There are 2 protein chains.
Amino acid sequence: MVKQSGKRRAAVPAPDGDTERQILDAAHRVFLRSGTAGARTQEIAAEAGVNSALLHYYFRTKERLAAAVFHRAASELFPVVAGVLASDAPLEEKARKVIAVELERLSRTPYLPAYVISELAYHPDRFQQLLAALTGGRPGAVGQAVLSKIQGQIRAEVRAGRMRPISAEQFLVNLLSLCIFPFAAQPMLAALLGLDGERFSRFIHDRKRELPEFFMKALRP
Amino acid sequence: MVKQSGKRRAAVPAPDGDTERQILDAAHRVFLRSGTAGARTQEIAAEAGVNSALLHYYFRTKERLAAAVFHRAASELFPVVAGVLASDAPLEEKARKVIAVELERLSRTPYLPAYVISELAYHPDRFQQLLAALTGGRPGAVGQAVLSKIQGQIRAEVRAGRMRPISAEQFLVNLLSLCIFPFAAQPMLAALLGLDGERFSRFIHDRKRELPEFFMKALRP
DNA sequence: GTCTATATGTTGATAGAC
DNA sequence: GTCTATCAACATATAGAC
């Protein structure tokens, strides 16, 4: 990002990959663990195996580093789902696919939802600027495209008598709520319902099978 | 909490209520706005109309103040729902009631979910210690009681042919997801689907009517 | 590119007068 | 109880040698 030199350094310093990515990876872990405000650049540098001066050499400020991490985190969370939802597949297939993909992905990065929610709550501007970067200037364009696509499909299903009326917004929010919330609230569920560690994994495992039926059933006329 | 003196001061200093509560109220607002790590005690003091020395007089450390605020925030979020769920009302009525109560309450304090989720993610110990305080030593007791209560009711409904089988955990998580997530993710929905300000309010307004049907329908055999 | 050493600015917290 | 003034500890960021 800041680096321009293409010159490869001699064998010693970087164990694997280039340093910039190592710092970014470390920042990713630390920010997701402690939150942006709670994280310390010094801790990130230590976790990356470098000192904090080098961190500032690659990313000028903590803020820029935070933006880069958020960008990467959000980019691996949204595009997949957006792709599925904007496709031409039948509505029911989309829902099943989204559930499968989301539960699978979030099982591997369970801290992502809480991190994204926190960032959005305390730093709403970051998201706007990310959307602008992703969609090239017109934020909300992807969302609107998905919405009208879904809306059209719902209307068709309703006319065919296979579904009862529901707005595209409610449809989408219901779907995302059921997929994402359990991960965002995992610590709460652990304390409240005892869903910690292995029990949570089993819970999600069961959910992959049960949630599609639950969701589709709710939409039938 | 720290204050012992019952002596009332002369008319001048405190505009309304006692100072301790004013500080707590200010802390509540600031912590919910900026997150615990991002908030500054100085900002809290300013918002409370006092200086930061007085803040430390009442609450010795920022950490204690944060715990007090989280305690209060969580206490106004959970007990109501727990009360409904643990009651002897029929299952369907409980679900409707929870949806109505939650959507109504969160409409008035929309930042609460994101704050609680953030706190839990970055400060899981706080919740344990809160639960211990609330339930007098045995954390998870309330949750377990609710779970087995619900589990029993589900079994009865299933036997009566009015509901298809579902574990109490999935039942509860589905219900809470659908109620809480929209508020936790509001900034995301605003950026993505254009659900900001007035449009979000209307979305929630519609949701109060539509969600009970959606949820109940999903459970029918 | 990477390090050591250091500057600069905040921040949480305390001392002590009133 | 409430204030002014101040401290000590960090955390971010930079300078400059290698």
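Not measured: the values here are computed from a predicted model. Sequence lines set the chain letters: A, B, ... in the order given, protein chains first and strands last, and positions in each chain run from 1.
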With a 4.0 Å limit, can you tell me whether A/S52 has a side-chain N or O closer than that to the phosphate oxygens OP1/OP2 of D/dT12? no

Rounded interatomic separation in angstrom, taking CD from A/Q42 and P from C/dT4: 13 Å

Whole-Å distance between D/dT14 C1' and A/K62 NZ? 18 Å

Can you tell which of D/dT12, C/dT11, C/dC3 lies closest to the side chain of B/R40? C/dT11

So that I can tick it off, tell me whether B/R33 and B/E47 are bridged by a salt bridge, with the cut-off set at under 4.0 angstrom between side-chain N and carboxylate O. yes

Using atom CD1 of B/I23 as one end and atom P of D/dT2 as the other, report the distance to the nearest whole Å. 8 Å

Gap between atoms CG and P, on B/L55 and D/dC3 respectively (whole Å): 11 Å

N/O (side chain, B/T41) to phosphate O (OP1/OP2, C/dG12) under 4.0 Å: yes

For the ring pair A/F171 and B/F214, is the centre-to-centre distance below 6.0 Å? no

Interatomic distance, A/L211 atom CG to A/R96 atom CZ [nearest 0.5 angstrom]: 10.5 Å

Rounded to whole angstroms, how far apart are CG on B/N51 and C1' on C/dG16? 13 Å

Mind checking whether B/F127 and B/F70 have parallel, tilted or perpendicular rings, split at 30° and 60°? perpendicular

Parallel under 30°, tilted from 30 to 60°, perpendicular over 60°: which one fits the rings of A/F200 and A/F183? perpendicular

Just how far, in rounded Å, is C1' of D/dA13 from CD of A/E63? 14 Å

If I take atom CG in residue B/L54 and atom P in nucleotide C/dC18, what distance separates them, rounded to the nearest angstrom? 18 Å

Within the structure, does a side-chain N or O atom of B/R60 lie under 4.0 Å from either OP1 or OP2 of C/dT14? yes

OP1 or OP2 of D/dT2 less than 4.0 angstrom from a side-chain nitrogen or oxygen of B/Y58, does that happen here? yes

A/I44 CD1 to D/dA11 C1', in whole Å, measures 12 Å

So, does A/H56 get its side chain near the phosphate of D/dA13, meaning an N or O under 4.0 Å from OP1 or OP2? yes

Contact class for A/A39 vs. all strands (heavy atom < 4.0 Å): base, sugar-phosphate, or nothing? sugar-phosphate

Nearest of C/dT14, D/dT2, C/dT2 to any side-chain atom of B/A53? C/dT14

